[in-house]
Q: 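Have a look at the structure that comes next, please.
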Amino acid sequence: MFIKSISTIVAAVLLSIITSASATNTMLSSWYGGYFHGRTTANGETYDMYGLTAAHKTLPFGTKLRVCYQGCVDVRINDRGPYIGSRELDLSFGAASAIGLIKPGVDYVSVSHI
């Protein structure tokens with residue numbers, strides 16, 4: 001009985017991990033551009049506003065995300081932020097342009113790990 005209980009728990013935990021790894025979430029997102037172009041990001045890279053990168057407060061550097069709004073783009077986390085209100089993701093100008101987020105500036109986007 002004990003072994004059956006443990007295997008049921010392990011199966012539930014594995015299912016939870018697999019589901020959350022591929023789950024799509026929404027995040028309040030914004031973008032950043034010109035003022036930061038050419039400056040050093042939190043991971044030591046030079047910020048390229050035309051690149052496909054993003055800032056997040058806690059995700060590990062190098063994490064790859066698929067971000068969708070009016071279109072979708074794949075970005076890599078290379079910076080920390082945003083630090084304004086309840087925003088969760090700050091996209092480079094290039095990434096925000098690719099999905100149509102420039103004009104609204106701030107909105108909820110769909111995000112999934114890739």
Q: Give me each pair satisfying disulfide bond (SG atoms under 2.5 Å apart) with a member in residues 78-114, each pair once, sequence neighbours excluded.
A: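 Counting only pairs at least two positions apart or across chains, no disulfide bond (SG atoms under 2.5 Å apart) contact touches residues 78-114.
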
Q: Between V73 and A95, which heavy-atom pair has the shortest distance, and what is it?
A: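 Closest pair (atom of V73, atom of A95, distance): CG1-O, 3.9 Å.
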
Q: Can you list the residues that meet the side-chain contact (heavy atoms from CB on, under 4.5 Å) rule with F61, with sequence neighbours excluded?
A: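 Only A42, N43, I77, R80 meet the side-chain contact (heavy atoms from CB on, under 4.5 Å) criterion with F61.
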
Q: Please write out which residues are connected to I84 in a hydrophobic cluster, directly or through intermediates, given that two of Ile, Leu, Val, Met, Phe, Trp, Tyr count as joined at side-chain heavy-atom separations below 4.5 angstrom.
A: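 Cluster partners of I84: none, it stands alone.
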
Q: Just grab all the disulfide bond (SG atoms under 2.5 Å apart) pairs involving residues 78-109, residues at least two apart or on different chains.
A: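 Found none.
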
Q: Between T24 and V111, does the side-chain contact (heavy atoms from CB on, under 4.5 Å) criterion hold? Intermediate values first, please.
A: CA-CA 5 Å; T24 299; V111 179; over 6 Å; no

Q: Which residues pass the salt bridge (charged side-chain N to carboxylate O under 4.0 Å, His left out) test with D107, not counting sequence neighbours?
A: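 Partners of D107 by the salt bridge (charged side-chain N to carboxylate O under 4.0 Å, His left out) criterion come out as none, since no residue qualifies.
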
Q: So which pairs with a foot in residues 47-59 pass side chain to side chain donor-acceptor pair (under 3.5 Å), sequence neighbours left out?
A: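 Not a single pair qualifies under side chain to side chain donor-acceptor pair (under 3.5 Å).
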
Q: Residues sharing Y108's hydrophobic cluster, by side-chain heavy-atom contacts under 4.5 Å among ILVMFWY, directly or via others?
A: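 Members besides Y108, by chain and number: L28, V106.
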
Q: Which atom names give the shortest non-hydrogen contact between A54 and V75, and what distance separates them?
A: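 In terms of heavy atoms, the two residues are closest at CB-CG2, 3.9 Å.
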
Q: Which residue pairs pass the salt bridge (Lys or Arg N to Asp or Glu O under 4.0 Å) test when at least one of the two sits in residues 59-75, sequence neighbours left out?
A: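 Every salt bridge (Lys or Arg N to Asp or Glu O under 4.0 Å) pair that includes a residue of residues 59-75, provided the two are not neighbours, is R66-D74.
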
Q: When you measure from the side chain of H113 to the backbone N and O of L65, does any donor-acceptor pair fall under 3.5 Å?
A: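 No.
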
Q: What is the minimum heavy-atom distance between M49 and H37, and which atoms define it?
A: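 Result for this residue pair: N-ND1, 3.0 Å.
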
Q: Using every non-hydrogen atom in the two residues, find where I102 and W31 come nearest and quote the distance to one decimal.
A: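 Minimum heavy-atom separation between I102 and W31: O-NE1, 3.3 Å.
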
Q: If a pair satisfies disulfide bond (SG atoms under 2.5 Å apart) and one of its residues is in residues 70-114, list it, with sequence neighbours excluded.
A: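 Non-adjacent pairs meeting disulfide bond (SG atoms under 2.5 Å apart): C68-C72.
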
Q: Restricting to pairs with a member in residues 81-103, which pass side chain to side chain donor-acceptor pair (under 3.5 Å), not counting sequence neighbours?
A: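 Passing the test, one end in residues 81-103: S30-D90.
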
Q: Disulfide bond (SG atoms under 2.5 Å apart): which pairs involve residues 79-114, sequence neighbours left out?
A: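 Sorted result for residues 79-114: empty, none.
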
Q: Before accepting this row, confirm whether a basic side-chain N of the pair E45/R76 lies closer than 4.0 Å to the acidic partner's carboxylate O.
A: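 Yes, this pair counts.
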
